[in-house]
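Each remark here refers to the structure printed beneath this line.
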Amino acid sequence: MSLDWTALSDGELATLSIAGRQAAFAEIVRRYRQPMFRLSRAFLGDADDALDVTQEAFVAAHQALPRYDPNRSMQAWLTTIAINKCRDWARKRAVRRFLSFALPNDEQVQSIVDEQAPIDDAAGDRQELDRVTRAISTLPANLKEPLVLRTIEGLSQAETAEVLGISQKAVETRLYRARARLLEKLGPR
């Protein structure tokens, strides 16, 4: 007899995954891979980095499954893990950037050239999306996190507050400030 994985709750999938059923965790990944990727891309501003961070987040989640509380939303739990992985990635990127200043000049030029993403001139909408994504990725973490969770991931103000461990009023204030900063960065279009 075969289980219908799609019919099981997140808590049931977690329990089965802990018991060694790989298909149960595969269903968790299937359910949440797109939201986790969108979240990571919005944080980091780069699709390749976001894919790496998403994978790291799922690996960490798999290892932490015994600590998952079935009374809590699986998406909120995974979002917390993904945000922490994005923070780690950003710290590592900052260290790499700092250390790159120690390279000889010709290597610095090459590393700068390699980091530039090619832009598809035929896709104006795609360019605008990339421009906004890059602008969001430059916001400070305390402004970027509530903005991404509320506007991109669609979490409620209460869920955002729970994930970030702050009050709902703080979420509201940070959203206001994040939107104001984005308007400054993006300017009138």
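Scanning both residues, Ala82 and Val53, for their nearest heavy atoms gives O-CG1, 4.3 Å. Closest of all the heavy-atom pairs between Ile152 and Ala42 is CD1-CB, 3.3 Å. The minimum heavy-atom distance linking Tyr68 with Ala14 is given by the pair CD2-CB, 3.7 Å.
No path of Ile, Leu, Val, Met, Phe, Trp and Tyr side chains, each step under 4.5 Å between heavy atoms, connects Ile83 with Leu51, placing them in separate hydrophobic clusters. Note on Trp5: it clusters hydrophobically with Ile18, by side-chain heavy-atom contacts below 4.5 Å among ILVMFWY residues. Trp89 and Leu164 fall within a single hydrophobic cluster, where Ile, Leu, Val, Met, Phe, Trp and Tyr side chains are chained together by heavy-atom contacts under 4.5 Å.
Among residues at least two apart or in separate chains, there is no ring-ring contact (aromatic ring centres under 6.0 Å, His included) pair with a member in residues 26-46. Every pair passing salt bridge (Lys or Arg N to Asp or Glu O under 4.0 Å) that includes a residue from residues 139-159 is listed here, sequence neighbours excluded: Arg38-Glu153, Arg87-Glu145. Listed by first and then second residue, the salt bridge (Lys or Arg N to Asp or Glu O under 4.0 Å) pairs involving residues 20-31 are Asp10-Arg31, Glu27-Arg30, Glu27-Arg31 (not counting sequence neighbours). Screening residues 67-79 for salt bridge (Lys or Arg N to Asp or Glu O under 4.0 Å), with sequence neighbours left out, gives Arg72-Glu162.
The backbone N or O of Gly11 lies less than 3.5 Å from a partner atom in the side chain of Thr15, making a donor-acceptor pair. When atom types are taken as modelled, the side chain of Ser137 and the backbone of Arg134 share a donor-acceptor pair closer than 3.5 angstrom.
No side-chain heavy atom of Lys85 sits less than 4.5 Å from a side-chain heavy atom of Ser40. Annotation: side chain of Arg41 is not in contact with side chain of Asp46 (no heavy-atom distance under 4.5 Å). When side chains are defined from C-beta on, Met36 does not count as touching Ile81, because their heavy atoms never get closer than 4.5 Å. Looking at Pro140 and Leu143, their side chains come closer than 4.5 Å, going by heavy atoms from C-beta outward.
A distance of 10.5 Å separates CG in Leu149 from OG in Ser156, rounded to the nearest 0.5 Å. Note: Leu65 CG to Leu16 CG = 11.0 Å, rounded to the nearest 0.5 Å. The distance from the CD atom of Glu12 to the OG atom of Ser17 is 13.5 Å, given to the nearest 0.5 Å. From Ile28, atom CD1 reaches atom CG of Leu13 across 5.0 Å, with rounding to the nearest 0.5 Å. Once rounded to the nearest 0.5 Å, the distance linking CG of Leu39 with CG of Leu78 reads 10.5 Å.
Residues forming a salt bridge (Lys or Arg N to Asp or Glu O under 4.0 Å) with Asp88 (at least two apart in sequence, or on another chain): Arg91.
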Quiz: residues 165-186 side-chain donor-acceptor pairs under 3.5 angstrom, not counting sequence neighbours:
unit_1: Ser167; atom_1: OG; unit_2: Ala170; atom_2: N; d: 3.0
unit_1: Thr173; atom_1: OG1; unit_2: Lys169; atom_2: O; d: 3.0
unit_1: Lys185; atom_1: NZ; unit_2: Thr138; atom_2: OG1; d: 3.2

